[in-house]
Amino acid sequence: MITLAIDTATARCTVAVTDVTTRLEAHVDGARRHTREALGLVDRLIRDIGAEPGDIGVVLSGDGPGSFTGLRVATSIAKALVWGRPAVAWRVAPSLLIQGLPHLPTAGGRLLALSDALRGDVYAGCWDIGPDGIVPVGGPPRSMSPTDLAVFGSPSAIVGDISEQLADAVQAATAVAPVTGTEALPDARTLLLLADIPGGSEPVADPGRWTPTYGRPVEAQAVWERKHGRALPDQTYRPG
């Protein structure tokens, strides 16, 4: 049985596969490349490991927050692979956790992972990670000001796919220098690991209705809500 992992929430599209004995990963950098190259990466890795698409038994994907378009790439691929195939399991994990986990000390500790939420804010997710598994701190990942990050205490590691300016603001608020740059981009092999750690991922119960965590409303929704002065009444597409 093949397990496929894919995360497209950041500027990196990363794909990994495993047949238990072998783990392969490939990626492309550049957000505008996700749509045209993600399926090719999936197909190549499955062939490289000596399997066929029909051999996939588990699909893992990063559920955000992150790029609207990017998140839809991984979600669409996952839905296509599990649609009408009840024997295929689909699990999701926070994309920020995928980015940050490799930088935590071996003994574990508190991880604070960040990405750029635009407008001077960051998407922030915090977890305590130890021998018993992974426990969220302060709720699910959300958008917040760097000055508010002190609420997470003293993390053992901070990892951020963020600009130098935001990194300076994060260090000022937490007294910890974040890991940034390409080192802060995700590796789908970490997503494979999260599937085996308690609290690292969760199953998707209803693939048809599941949507990723975008972190903020899409611009069209925000414009509609400003114009009408109320929340969009129904954000779920129902065919028929």
Side-chain angles (χ1 to χ4, degrees), residues 5-16 23-38 41 60-71 73-74 93-127 129 134 137 141-150 152-194 200 212-216:
I6 179 168
D7 184 70
T8 55
T10 69
R12 171 169 291 174
C13 170
T14 174
V15 178
R23 294 181 183 227
L24 302 178
E25 189 273 346
H27 62 266
V28 294
D29 289 345
R32 296 184 183 276
R33 302 176 65 185
H34 292 16
T35 302
R36 67 176 181 267
E37 298 196 43
L41 291 180
L60 308 169
S61 66
D63 72 354
S67 158
F68 292 102
T69 301
L71 284 169
V73 172
S95 296
L96 291 173
L97 183 56
I98 300 168
Q99 291 173 236
L101 187 65
H103 301 278
L104 197 66
T106 304
R110 177 161 293 186
L111 169 68
L112 177 58
L114 312 168
S115 63
D116 194 337
L118 305 179
R119 303 167 190 160
D121 291 336
V122 294
Y123 293 125
C126 190
W127 297 268
I129 302 173
I134 299 174
V137 176
R142 64 189 187 276
S143 176
M144 58 193 305
S145 168
T147 58
D148 294 329
L149 295 175
F152 296 116
S154 301
S156 305
I158 301 178
V159 182
D161 178 23
I162 53 177
S163 67
E164 183 176 340
Q165 182 178 4
L166 279 175
D168 289 343
V170 169
Q171 183 169 357
T174 63
V176 178
V179 176
T180 60
T182 56
E183 290 185 71
L185 292 174
D187 184 321
R189 286 171 294 192
T190 302
L191 182 49
L192 295 176
L193 295 174
L194 284 170
T213 302
Y214 294 115
R216 66 167 74 248

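Sequence positions, counted from 1, serve as the residue numbers for this chain. Everything quoted here is computed from the prediction, not taken from an experiment.
The shortest heavy-atom contact between Ala9 and Pro65 is CB-O, 3.9 Å. Smallest separation of non-hydrogen atoms from Pro146 and Gly120: CD-O, 3.3 Å. Residue Leu192 comes nearest to Ala5 through the heavy atom pair CD2-CB, 3.7 Å, listed as atom of the first residue, atom of the second, then distance. What you find for Ala167 and Thr180 is that their closest heavy atoms are CB-CG2, 4.0 Å. Of all heavy-atom pairs between Ala173 and Ala150, the closest is O-CB, 3.7 Å.
Side-chain contact between Ile129 and Leu97: present, with at least one pair of heavy atoms (C-beta onward) separated by less than 4.5 Å. Between Ser115 and Val122 there is no side-chain heavy-atom pair separated by less than 4.5 Å. Counting only heavy atoms from C-beta outward, the side chains of Thr190 and Asp7 never approach each other to under 4.5 Å.
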Stepwise side chain to side chain contact (heavy atoms under 4.5 Å, CB included) test for Glu37 and Val15: CA-CA 11 Å; Glu37 298 196 43; Val15 178; over 6 Å; no

Side chain to side chain contact (heavy atoms under 4.5 Å, CB included) between Leu149 and Met144, worked out: CA-CA 8 Å; Leu149 295 175; Met144 58 193 305; 3.8 Å; yes

Step-by-step side chain to side chain contact (heavy atoms under 4.5 Å, CB included) determination, Leu71 to Val73: CA-CA 5 Å; Leu71 284 169; Val73 172; over 6 Å; no

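When Val137, Leu96, Leu104, Leu112 are each tested for a side chain to side chain contact (heavy atoms under 4.5 Å, CB included) with Trp127, only one passes: Leu96. Of the candidates Leu101, Asp161, Leu191, Ile98, Pro186 forms a side chain to side chain contact (heavy atoms under 4.5 Å, CB included) with just one, namely Ile98.
A side-chain donor-acceptor contact under 3.5 Å links Ser145 and Thr147.
Here the straight-line distance linking atom SG of Cys126 with atom CZ of Arg142 works out to 9.5 Å at 0.5 Å rounding. Atom OG1 of Thr182 sits about 6.5 Å away from atom CZ of Arg12, to the nearest 0.5 Å. Rounding to the nearest 0.5 Å places CG of Asp168 at 9.0 Å from CD1 of Ile162. The structure places OG1 of Thr69 at 9.0 Å from OH of Tyr214, a figure rounded to the nearest 0.5 Å. Annotation: the span from Leu114 atom CG to Leu166 atom CG amounts to 9.0 Å, rounded to 0.5 Å.
At least one donor-acceptor pair closer than 3.5 Å links the side chain of Thr14 to the backbone N or O of Ala188. With hydrogens and angles disregarded, a donor-acceptor distance shorter than 3.5 Å links the side chain of Gln99 to the backbone of Ala184. A donor-acceptor pair under 3.5 Å is formed between the side chain of His103 and the backbone N or O of Glu183. The closest donor-acceptor contact from the side chain of Thr8 to the backbone of Ala74 lies under 3.5 Å. A donor-acceptor pair is defined here as one N or O able to donate and one able to accept, closer than 3.5 Å; such a pair exists between the side chain of Ser156 and the backbone of Arg110. Remark: side-chain polar atoms of His34 are not paired, donor with acceptor, to backbone N or O of Val28 under 3.5 angstrom.
A salt bridge between Asp187 and Arg189 is present, with a side-chain N of the basic residue lying under 4.0 Å from a carboxylate O of the acidic one.
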